[in-house]
Number of protein chains: 2
Amino acid sequence: MNKPAPVESRPYHHGDLRRALIEAARRILEADGPAALSLRGVAREAGVSPAAPYHHFKDKGELLDAVAHEGFEALAEALKEAKRDAETPKDAMAALGVAYVRFSRENPALYRVMSDCSRDKDAMPDHLHENEDSAYCTVRNTLVEAGLEGVTPLDLELATIAAWCAAHGLAEMSGFRQFETLKKELGGEEAFLRGVLEHLGMFAKVMKD
Amino acid sequence: MNKPAPVESRPYHHGDLRRALIEAARRILEADGPAALSLRGVAREAGVSPAAPYHHFKDKGELLDAVAHEGFEALAEALKEAKRDAETPKDAMAALGVAYVRFSRENPALYRVMSDCSRDKDAMPDHLHENEDSAYCTVRNTLVEAGLEGVTPLDLELATIAAWCAAHGLAEMSGFRQFETLKKELGGEEAFLRGVLEHLGMFAKVMKD
DNA sequence: CGCAAATCTGAACGTTGTCAAGATGAACTT
DNA sequence: AAGTTCATCTTGACAACGTTCAGATTTGCG
């Protein structure tokens, strides 16, 4: 008897329910937003009973973790792609910032799940931070390539964190209605994002002793 | 018959239930965190029936709005106080950033309600942005006093937004476990915060054309 | 004092997260 | 090939939640 799922383990009744649940969750998330995401709803969407997910996830939280995990992978991919497309290293840095925020604006529900997960665990996903081609390291490497070679490792680390914080802050705030007239004045969302990112320097310069 | 609440309207049965509910919510928030905050629980804590809050708030969301509103007022106060205590304008800028983050770390549950509210409405509270002694203007004014006089209004606006985004991003991320060793290396939370804020410049400088 | 409006209660409805007990099918052993 | 074992799924239940509605109660006003 043939098995539909060719890759590794498919030891199930359903085929691969774990996968199906995650995809159902993403579908609901995209269609109706994060507030509409219930475990029961996900089970319904996947065509199983409300208790079925508990054989694959300990918790509703664990399902969300899995969804967030995929989101972070997609984000890392988006960052790498943005870097590839950039012409100069300097431009790559701005492109990373814009790509980060754009990802959050194009997948608002997913990004929300991601950031809620991080807040709940008081940590960003380890794979984002640890291995060498992680998103975090992409940012750090780009900083170096764009002109921060001479700097101490500690400075580099702080600059990377600073960049990440700025991007995250901008991601959460760039949709605020208060900025809409300003965006029009600047001629679009992207110009606004680049403008804010570039003006981080003013704020920072002012603080230097 | 005398009324216990001397100020403005107290046309109630209970005294001032609206007030009592907000305070009950803050109590629960501080004691058990944002996940434990239910409307029924708030009513219980205030000693009324589960339906009573609906005569003062249309929604659970509106209760949270009210709580968030008070949070933003407290935040604005904390910022002004930090500015007062700073010796030089340059130092005031760093102090604002640190005070912002410190507020979020000292009132994590409240800050979370505040930022969830903003996200749900895709806007920051108007009073934070509009009137002249608002928190937003405090930041902008400090930027000017610290050396950004010659700059165009548009640049000033973008720099203010940049500062706010950075502070918010840092507020949400500074508690991450991944940074703990770095904090120790730097000799404490405050040094870490100042370090990150000051390194925003590196990130920004790298992006300049 | 009497009346209308504001305020609170009690009970109910639908939904959610979660769990325990049982049914069902697949995989492994012999 | 048969039987056993284990993972998977369902059924049914529980408590808690947000919300609503009809009715009781109190307040303030004329």
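Residue numbering restarts at 1 for every chain, and letters A, B, ... go by the order of the sequence lines. Computed from a predicted structure; not experimentally measured.
A donor-acceptor contact closer than 3.5 angstrom links the side chains of S115(A) and R119(B).
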query: Which letters describe nucleotides 10-21 of chain D, given B = protein heavy atom under 4.0 Å from base, S = only from sugar-phosphate, - = neither?
result: BB-B---BBBBB
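Phosphate proximity of dC8(C) to H56(B): present, with a side-chain N or O under 4.0 Å from OP1 or OP2.
If you run ring pair (Phe, Tyr, Trp, His ring centres under 6.0 Å) between H129(B) and each of W164(B), F72(B), Y136(B), only Y136(B) comes through.
Surrounding CD of E30(B) are at most 12 heavy atoms belonging to other residues, nucleotides or ligands under 6.0 Å away.
In this structure, Q178(B) and E130(A) have side chains that are not in contact, with every pair of non-hydrogen atoms separated by 4.5 Å or more.
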Stepwise salt bridge (charged side-chain N to carboxylate O under 4.0 Å, His left out) check, E190(A) with R102(A): CA-CA 9 Å; E190(A) 172 133 356; R102(A) 201 208 300 278; 3.1 Å; yes
